[in-house]
Amino acid sequence: MNKNYLSGRHFLQLPGPSNVPDRVLRAMDYPTIDHRGPEFSELSLECFKGIKKVFKTKNDVVIYPASGTGAWEAALVNCIKENDLVLMVETGHFASLWQKMANKIGINTEILKTDWRRGIDPSLIEDRLKKDKENHIKAICVVHNETSTGCTSNIKEIREVMNNLNHDALLMVDSISGLASINYEHDNWGVDVTISGSQKGLMLPPGLSFNSISEKALSISKKSGMKRSYWDWQEQIKMNDTGFFPYTPATNLLYGLKESLKMLDEEGLENVFKRHDRLAKATRKAVQAWGLEIFCLDENNYSSVLTAVMVPDKHNADELRKIILEKFNMSLGNGLSKLQGKVFRIGHLGDFNDLMLLGTLNGVEMGLSISNIPFQKGGVEKASQFLKESL
Ligand SMILES: *Cc1c(COP(=O)(O)O)cnc(C)c1O
């Protein structure tokens, strides 16, 4: 392969950033407009209306020119005071990063450990909340779709546990990689703050992030939280009502957002979710046929966004990823922190279809046969058979 020129499309099969569709790229290829002018307010009001449909909320959604990490911080500083206690669940790498951030900005955290290989067991939270008679815990922070492990948690059940115990804590959920790929219901599930980002299910480049805010969280933020300026919800919401922002927004990314919201609407959100479920299932058929282990151990928690695949002991997943990148021009997700070298992650989210999946799986299968990882052939065949049968 001549490395000076790589023909065709690079396969970006990470669980985010995901492939940006041509329609979105074209929509962004437009001169930047005056963000204080009338054309801009029309654009942003449309974006706010559309994004609320995706979060399934009637309340405010704030859009930051920031990565998902920024929106994590925003959620915390608007509602939580220094030295307040928040409860988190260590579902994987991203949950741990959020906890580290909370500690850095002066929040006390308690983290419930798990083996990373399943979604959150709500009874873990229940047991801890039962002991918190004086409501010391101000928020429960959980990750909806843990992108490092391929396990999804049931958010509705977590809220039910909190409601049954009449616990006052806020429920904050990171759905950075879940939103717009798998079902998410901010209002119905009783979530107080949902955090998301642009570069996963929303099919945009990185650079936008979101806080979807319940009435309760908004009213708490008015009298609580930390000293803040850039992240302050009130400033944002006040300006957003008329379609403007307190500072220069990421104008061209908003052109992209308007287009991606339109695409989600054309396909229909529920169809988008079904497509993700089906492609994820086909992926698991392939992995099982290869005789490799899916990292997530509980079928009820299988993620439709990505599949983390274990390589057998003494083999290195990063070497496999390197072969696949060099020979077939495809990027797969790496194993993060304690999973480094132990798993590779196949992203099957966003702007993606049957043949793109089969190309992806074929790249993995060819990579496996070039590597010295023991496996059985026929994964692609199994996936393709399933795709045909489930048309
Ligand atoms: C991608 C991701 C993040 C981090 O978002 P950035 O945009 O990289 O800051 C956090 N949590 C989850 C679950 C993610 O998938």
Side-chain angles (χ1 to χ4, degrees), residues 12-20 54-55 62-77 86 88-102 104-105 109 111 114 116 118-120 140-155 158 171-184 186 191 193-212 230-231 250 253 256-257 260 276 280 295-296 301-308 331-337 339 343-350:
L12 185 70
Q13 293 321 127
L14 312 172
S18 64
N19 291 292
V20 179
V54 177
F55 279 100
V62 165
I63 306 177
Y64 294 108
S67 83
T69 304
W72 264 350
E73 183 161 335
L76 295 172
V77 297
V86 306
M88 294 173 141
V89 185
E90 197 198 293
T91 41
H93 176 69
F94 288 102
S96 333
L97 284 183
W98 197 10
Q99 184 213 11
K100 284 192 192 114
M101 161 188 282
K104 279 187 202 157
I105 59 176
T109 59
I111 193 145
T114 78
W116 288 28
R118 57 202 91 232
I120 296 166
I140 294 177
C141 299
V142 293
V143 175
H144 174 219
N145 184 74
E146 182 50 81
T147 323
S148 60
T149 65
C151 302
T152 304
S153 289
N154 189 324
I155 302 303
I158 295 171
L171 176 59
M172 295 192 182
V173 180
D174 165 346
S175 192
I176 294 180
S177 65
L179 191 79
S181 293
I182 53 180
N183 186 35
Y184 193 84
H186 179 89
V191 180
V193 189
T194 303
I195 296 103
S196 199
S198 54
Q199 75 273 30
K200 313 223 168 149
L202 289 171
M203 309 179 285
L204 296 167
L208 291 181
S209 56
F210 309 88
N211 276 177
S212 176
Y230 186 83
W231 302 121
L253 284 171
L257 177 61
S260 80
H276 281 75
F295 185 71
C296 179
N301 302 138
Y302 280 157
S303 170
S304 289
V305 174
L306 76 141
T307 303
S331 297
L332 295 169
N334 61 335
L336 292 165
S337 61
L339 297 181
V343 305
F344 62 92
R345 294 172 299 143
I346 305 172
H348 31 71
L349 70 157

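Values in this document were obtained by computation on a predicted structure and should not be read as measured data. In listed order, ligands and their atoms are each counted from 1.
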For [atom], what is the closest protein heavy atom, and at what distance to 0.1 Å?
| atom | answer |
| --- | --- |
| atom 9 (O) of ligand 1 | Thr69 OG1, 2.5 Å |
| atom 8 (O) of ligand 1 | Gln199 NE2, 3.9 Å |
| atom 12 (C) of ligand 1 | Asp174 OD2, 3.4 Å |
| atom 15 (O) of ligand 1 | Thr147 OG1, 2.4 Å |

Going by the order shown, which atoms of ligand 1 are within less than 4.0 Å of some heavy atom of [X]?
| X | result |
| --- | --- |
| Lys200 | 1 (C), 2 (C), 3 (C), 14 (C), 15 (O) |
| Ser177 | 15 (O) |
| Ser67 | 6 (P), 7 (O), 9 (O) |

Measure across [X] and [Y] and return the closest heavy-atom pair with its distance rounded to 0.1 Å.
| X | Y | answer |
| --- | --- | --- |
| Gly333 | Leu14 | N-CD2, 3.7 Å |
| Ser198 | Phe210 | N-CE1, 4.1 Å |
| Leu202 | Ala180 | CD2-CB, 3.9 Å |

Subject >> Sub-3.5 Å N/O-N/O distance, Trp72 and ligand 1 >> reply: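 No, since none of the N or O atoms of Trp72 sits under 3.5 Å from an N or O of ligand 1.
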Original post:
Counting both backbone and side chain atoms, is some N or O of Gly68 under 3.5 Å from an N or O of ligand 1?
Top reply: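 Checking ligand 1 against Gly68, an N or O pair does fall under 3.5 Å apart.
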**OP:** Starting at CH2 of Trp98, measure out to OG1 of Thr91 and round the result to the nearest 0.5 Å.
**Re:**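 One finds 10.0 Å between CH2 of Trp98 and OG1 of Thr91.
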Subject >> Atom pair OG (Ser331) and CD (Gln13), whose distance is rounded to the nearest 0.5 Å >> reply: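 Between atom OG of Ser331 and atom CD of Gln13 there are 9.0 Å.
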**OP:** From the options Asn145, Leu332, Thr149, select the one residue that forms a side chain to side chain contact (heavy atoms under 4.5 Å, CB included) with Leu306.
**Re:**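 Filter result, single survivor: Asn145.
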Original post:
Name the one of Leu76, Thr69, Val143, Ile176 that satisfies side chain to side chain contact (heavy atoms under 4.5 Å, CB included) with Ile195?
Top reply: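 Of the listed options, the one satisfying the test is Ile176.
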Original post:
Taking non-hydrogen atoms only, is Asn145 closer than 4.0 angstrom to ligand 1 via side chain, backbone, both or neither?
Top reply: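 The answer is the backbone.
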Original post:
Using heavy atoms and a threshold below 4.0 Å, how should the contact between Glu146 and ligand 1 be classified: side chain, backbone, both, or neither?
Top reply: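 No part of Glu146 is near ligand 1 at this cut-off.
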Original post:
Between the side chains of Ser304 and His276, does any donor sit under 3.5 Å from an acceptor?
Top reply: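 The answer is no; no qualifying pair exists.
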